[in-house]
Amino acid sequence: MNEDARSGTAPETTWAIRFHETGGPEVLRWEEAPLEAPGEGEVRLRHTAIGLNYSEIGSRRGGGGAAAISGLPLIPGREAAGVIEALGPGVRDFEEGDRVAYGLRRRHGADAERRNIEAAELVPVPGDMDDRTAAAIMVKGMTASYLLRKAYPAAAGRTVMVHAAAGGVGSILVQWAKHLGATVIGTVGSEAKARRILALGCDHALNNREGDFSDAVLDITGGRGVDVIYDPVGRAVWEASVKSLKTRGTLINFGNISGPIPPIDPHLLMESGSIFVTKTALRDFTRTRDEMLELCDALKDAARAHADLEAGKTTGSTVLLP
């Protein structure tokens with residue numbers, strides 16, 4: 001029984017975006033939602049900035065995977081920054097007034113003025129990082145971190161391809177992979193985005209709206225193909241991606257912007273050069289708090305990169321230091 005129930009007082013409320021049924025944007029409502037006292041190991045957090053991720057659209061539509069929902073009504077949202085207002089029993093590592101951020105690994109609930117959240121999900125926000133940046137880089141930054149450092153490390157001498165390279169995760173991947181010494185090929189959907197990723201440090205920018213980009217990739221790589229493809233797009237780029245990989249190359253799909261990739265015939269993998277294909281999720285690289293903090297530690301210099309980007313100061317390669 002929570003503290004409010006024991007005292008006989010009604011639970012507090014918060015204003016939040018909720019949906020009571022899945023569907024289009026019209027199902028979203030701005031309404032009051034109950035907010036009880038923080039429980040064991042939880043804190044009460046007042047949000048100051050909230051990040052937006054594509055998986056939230058999938059949640060609202062009733063999708064699976066990272067977008068899966070467990071019950072309705074649901075408050076969407078997976079990452080945010082804020083200030084701790086109250087501590088629940090057993091919380092030792094934080095104090096009221098602390099600035100913190102999170103990129104939820106297991107459940108939703110960020111699109112609200114206030115919420116309760118497990119203290120184990122939180123990381124302190126450095127004093128020189130603003131809340132807006134902290135909220136924007138948690139899920140995106142940790143995703144880029146595990147892709148480049150765990151799933152397939154980018155390094156000097158390797159050629160990597162980043163799909164949706166001008167997006168939230170893609171723009172971080174481009175800068176970080178370039179800093180690590182890799183040759184970076186980015187795909188985007190417009191000439192304006194192509195100019196943007198070149199300014200971020202991309203060596204080559206390809207417009208995937210113009211059709212099969214694999215011939216261009218093979219020209220760039222001297223017929224060899226790329227070592228790895230980081231792909232949040234899915235179905236629309238699947239066939240060209242397979243043709244763009246080197247022998248024994250790796251394709252890492254971590255999103256379904258255009259829909260899921262089709263069922264894979266293992267013989268196709270062999271005939272395409274004994275390539276490797278995997279689908280990954282952030283939750284599997286942050287099973288413990290220590291794993292989460294390891295990924296977050298690599299983001300310590302992201303504030304300056306994002307501030308420069310937002311101010312339009314980027315003229316060459318903006319880097320994140322792992």
Side-chain angles (χ1 to χ4, degrees), residues 53-55 58 64-67 103 105 139-188 197 202-204 206 208 213-214 217 221 224-266 268-270 272-287 291-292 294-295 298-299 320 322:
N53 290 277
Y54 192 85
S55 65
R105 298 169 288 165
V139 169
K140 300 175 186 69
M142 286 195 291
T143 298
S145 185
Y146 89 72
L147 288 170
L148 290 173
R149 301 170 70 227
K150 303 290 185 180
Y152 192 103
R158 290 179 173 171
T159 301
V160 309
M161 175 179 283
V162 179
H163 288 317
V169 175
S171 60
I172 298 175
L173 285 171
V174 165
Q175 298 170 79
W176 204 337
K178 186 61 180 175
H179 169 70
L180 294 173
T183 298
V184 183
I185 302 171
T187 70
V188 290
I197 65 171
C202 219
D203 295 284
H204 306 275
L206 303 178
N208 57 22
F213 49 80
S214 61
V217 172
T221 60
R224 176 176 177 271
V226 299
D227 294 276
V228 62
I229 298 174
Y230 303 109
D231 169 35
V233 176
R235 183 181 298 273
V237 297
W238 162 247
E239 290 186 8
S241 292
V242 168
K243 292 188 289 184
S244 298
L245 285 170
K246 72 168 190 176
T247 300
R248 301 191 305 277
T250 299
L251 189 154
I252 303 172
N253 174 257
F254 62 98
N256 303 312
I257 293 173
S258 68
I261 61 176
I264 299 172
D265 179 354
L268 171 66
L269 307 183
M270 178 188 69
S272 301
S274 298
I275 63 173
F276 298 86
V277 176
T278 184
K279 186 169 183 63
T280 60
L282 175 61
R283 63 177 180 268
D284 294 320
F285 293 82
T286 54
R287 287 291 186 182
E291 288 180 334
M292 179 183 72
E294 181 184 359
L295 294 184
L299 305 177
L320 305 178

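All residue numbers refer to positions in the sequence shown, counting from 1.
- Proximity of L269 to S272: side-chain heavy atoms (C-beta onward) are nowhere separated by under 4.5 Å.
- We find the OG1-CZ distance between T183 and R158 to be 12.5 Å, quoted to the nearest 0.5 Å.
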query: Stepwise, does the side chain to side chain contact (heavy atoms under 4.5 Å, CB included) test hold for V160 with I185?
result: CA-CA 6 Å; V160 309; I185 302 171; over 6 Å; no

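- When all heavy atoms of L180 and A154 are compared, the closest pair comes out as CD1-O, 3.7 Å.
- Note that CG of L282 and OH of Y146 are 6.5 Å apart. Values are rounded to the nearest 0.5 Å.
- Atoms CD and CD1, on E239 and I261 in that order, are 11.5 Å from each other to the nearest 0.5 Å.
- Atom CZ of R248 has 12 or fewer neighbouring heavy atoms from other residues, nucleotides or ligands inside a 6.0 Å radius.
- Of the possible donor and acceptor atoms, one in the side chain of S171 sits under 3.5 Å from a partner among the backbone N and O of G168.
- Interatomic distance, S214 OG to N208 CG, rounded to the nearest 0.5 Å: 12.5 Å.
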- request: Test side chain to side chain contact (heavy atoms under 4.5 Å, CB included) on V188 and I197 and set out the steps.
  value: CA-CA 9 Å; V188 290; I197 65 171; 3.8 Å; yes

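- At least one donor-acceptor pair under 3.5 Å links the side chain of R235 to the backbone N or O of P260.
- Counting only distance, with no hydrogens or angles, the side chain of D203 and the backbone of V184 share a donor-acceptor pair below 3.5 Å.
- In this structure, V242 and L245 have side chains that are not in contact, with every pair of non-hydrogen atoms separated by 4.5 Å or more.
- Taking the six-membered ring for Trp, H204 and F213 have ring centres at least 6.0 Å apart.
- At least one side-chain heavy atom of W176 sits under 4.5 Å from a side-chain heavy atom of R149.
- From D231, atom CG reaches atom OG of S241 across 5.5 Å, with rounding to the nearest 0.5 Å.
- N256 places no side-chain N or O within 3.5 Å of a backbone atom of G234 that could act as its donor or acceptor partner.
- Here the side chain of S145 pairs no donor or acceptor atom with the backbone of G141 at under 3.5 angstrom.
- Proximity of E294 to K150: side-chain heavy atoms (C-beta onward) are separated by under 4.5 Å at one or more points.
- The closest side-chain heavy-atom distance from V277 to I264 is below 4.5 Å.
- The side-chain heavy atoms of V169 and F254, taken from C-beta on, include a pair separated by under 4.5 Å.
- Judged by distance alone, the side chain of Y230 and the main-chain N or O of Y152 form a donor-acceptor pair under 3.5 Å.
- Between L251 and T278, the closest side-chain pair of non-hydrogen atoms is not below 4.5 Å.
- Here the closest non-hydrogen pair linking C202 and G186 is SG-N, 3.3 Å.
- For the pair H163 and P232, the minimum side-chain heavy-atom distance is below 4.5 Å.
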- prompt: Between T250 and D227, is a side chain to side chain contact (heavy atoms under 4.5 Å, CB included) present by the stated rule, with each step listed?
  reply: CA-CA 6 Å; T250 299; D227 294 276; over 6 Å; no

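- Between I257 and A164, the closest heavy-atom pair is CD1-CB, 4.4 Å.
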- request: Go through the steps for E291 and R283 under the test salt bridge (charged side-chain N to carboxylate O under 4.0 Å, His left out), then give the verdict.
  value: CA-CA 10 Å; E291 288 180 334; R283 63 177 180 268; over 6 Å; no

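- In this structure, the side chain of S258 engages the main chain of A236 through a donor-acceptor pair within 3.5 Å.
- At least one donor-acceptor pair closer than 3.5 Å links the side chain of N253 to the backbone N or O of G255.
- Annotation: the span from M161 atom CE to L173 atom CG amounts to 13.5 Å, rounded to 0.5 Å.
- The nearest pair of heavy atoms linking A144 to I172 is CB-CG2, 3.6 Å.
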